[in-house]
Number of protein chains: 2
Amino acid sequence: MKLSTKGRYAVMALADIAKFDGERPVSLRDISLRQGISLLYLEQIFSMLKKNQIVTSVRGSNGGYKLTKSPEQIKISNIFSAVQENIKTVGCKKESKKGCNGKSAKCITHNLWDELELHINEFFNKKNLSDLVKGKNENRV
Amino acid sequence: MKLSTKGRYAVMALADIAKFDGERPVSLRDISLRQGISLLYLEQIFSMLKKNQIVTSVRGSNGGYKLTKSPEQIKISNIFSAVQENIKTVGCKKESKKGCNGKSAKCITHNLWDELELHINEFFNKKNLSDLVKGKNENRV
DNA sequence: TATAAACTTGACTATTTTAGTATGGTATAT
DNA sequence: ATATACCATACTAAAATAGTCAAGTTTATA
Ligand code: FES
Ligand code: FES
């Protein structure tokens, strides 16, 4: 079980914007250089973030992206669902009455994985962007 | 982020043994039929479980596998580490002083992922096999 | 003692997911 | 004008996952 780069980079990039936020929008080029993420990959990610109203864009020279809300209002769970990074712990389709492996009933472990998923989602709901930017004085980039 | 079948099946199969535990060892063939998991795949998984002393084996006809400890004593985290299903939330090497993407310092999101990993591992440390088998009266297989 | 059930080991492979690239645009500040 | 920066779609290489295959060894039981 590994967290994919898409979700991690999305949070990383948005935290970068939150940190360097000001009058002017932040360009992907700057984020790319500061965070060491491919520019082309960032464009792909930000296309999704924009579609889901996490950011707005300013085109043209000196353009870039801005957060639509204050960092406190942007939860990690919002970011993750925007880039379609979702946690799947169960082996079955959740809504379906059927279990995994085509069995007719939910398997013996189903509740365990379900509970885990709940735990993780709770964590992502509690955390927001400002939690990441708070320690501006620390030597993190 | 998806939980792999290796970890899920391992827990599933061990819960099956816990449930049908008795004098005789439980054969992989029975587990395969009851849980709908490929016999060949189960063999691979149980080879690891045995190496890590989660189960003992009885060879030959009427043989099979038995738990080495009581279900209460077998934590999900034990099972996961036995089959090498480990959670990776961070993008960097944990021990290294370096951050992800070859940066010299830990990135702005590092602590967040680290905290998440801690949460998940806590969950797996709290849960054991007997938690799964308790509800024998429910209509789960 | 023949036989079948069941564990043991290592290598192999197909599928899926991830993590990007590549290409060819459009909009706008200077 | 032109460079900067967003926008959109398609493609691809690499890694991880989810198994399969082959060739055994061991032992209960008929
Ligand atoms: S995980 Fe849902 S039925 Fe097995
Ligand atoms: S996750 Fe550890 S440095 Fe980025």
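Residue numbers begin at 1 in each chain, while the letters A, B, ... track the order of the sequences. What you see below is based on every heavy atom in this structure, not just the backbone, and it leaves out hydrogens, waters and symmetry mates.
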Exercise. Tell me: CD1 of I37(B) to C1' of dT17(D), nearest whole Å?
Worked result: 15 Å

Problem set entry | Rounded interatomic separation in angstrom, taking CE from M1(B) and C1' from dA16(D) | 16 Å

Exercise. For DNA chain C, which residues in residues 4-13 of chain A have a heavy atom at a distance below 4.0 Å?
Worked result: S4(A), T5(A), K6(A), Y9(A)

For this session: Sequence neighbours left out, what passes side chain to side chain donor-acceptor pair (under 3.5 Å) with R24(B)? Give chain and number order.
Result: N62(B)

Problem set entry | Those residues that, when tested against E85(A), pass salt bridge (Lys or Arg N to Asp or Glu O under 4.0 Å) (two or more places apart) | none

Problem set entry | Outermost nucleotides of DNA chain C that come under 4.0 Å of a non-hydrogen atom of chain B | dA5(C) to dA11(C)

For this session: Let me see the working for T5(A) and Y41(A) under side-chain hydrogen bond (donor to acceptor under 3.5 Å, both in side chains), right down to the final yes or no.
Result: CA-CA 10 Å; T5(A) 57; Y41(A) 200 19; 3.2 Å; yes

For this session: Sorted by first residue and then second, give each side chain to side chain donor-acceptor pair (under 3.5 Å) pair with at least one member in residues 49-59 of chain B; sequence neighbours left out.
Result: K50(B)-S57(B)

Exercise. Who are the salt bridge (Lys or Arg N to Asp or Glu O under 4.0 Å) partners of K2(A), not counting sequence neighbours?
Worked result: none

Seminar exercise, completed: For Q84(B), the side chain to side chain donor-acceptor pair (under 3.5 Å) test, sequence neighbours excluded, returns none

Problem set entry | Qualifying residues under salt bridge (Lys or Arg N to Asp or Glu O under 4.0 Å), relative to K6(B), sequence neighbours excluded | none

Exercise. How does each nucleotide of nucleotides 5-11 of chain D score, in 5' to 3' order, for protein heavy atoms under 4.0 Å: base (B), sugar-phosphate only (S), or none (-)?
Worked result: SBBB-B-

For this session: With sequence neighbours excluded, tell me which residues meet side chain to side chain donor-acceptor pair (under 3.5 Å) with S77(A).
Result: N125(A)

Problem set entry | Q73(B): partners by side chain to side chain donor-acceptor pair (under 3.5 Å), with sequence neighbours left out | S70(B)

Problem set entry | Residues that E122(A) engages under salt bridge (Lys or Arg N to Asp or Glu O under 4.0 Å), provided they are two or more places apart | none

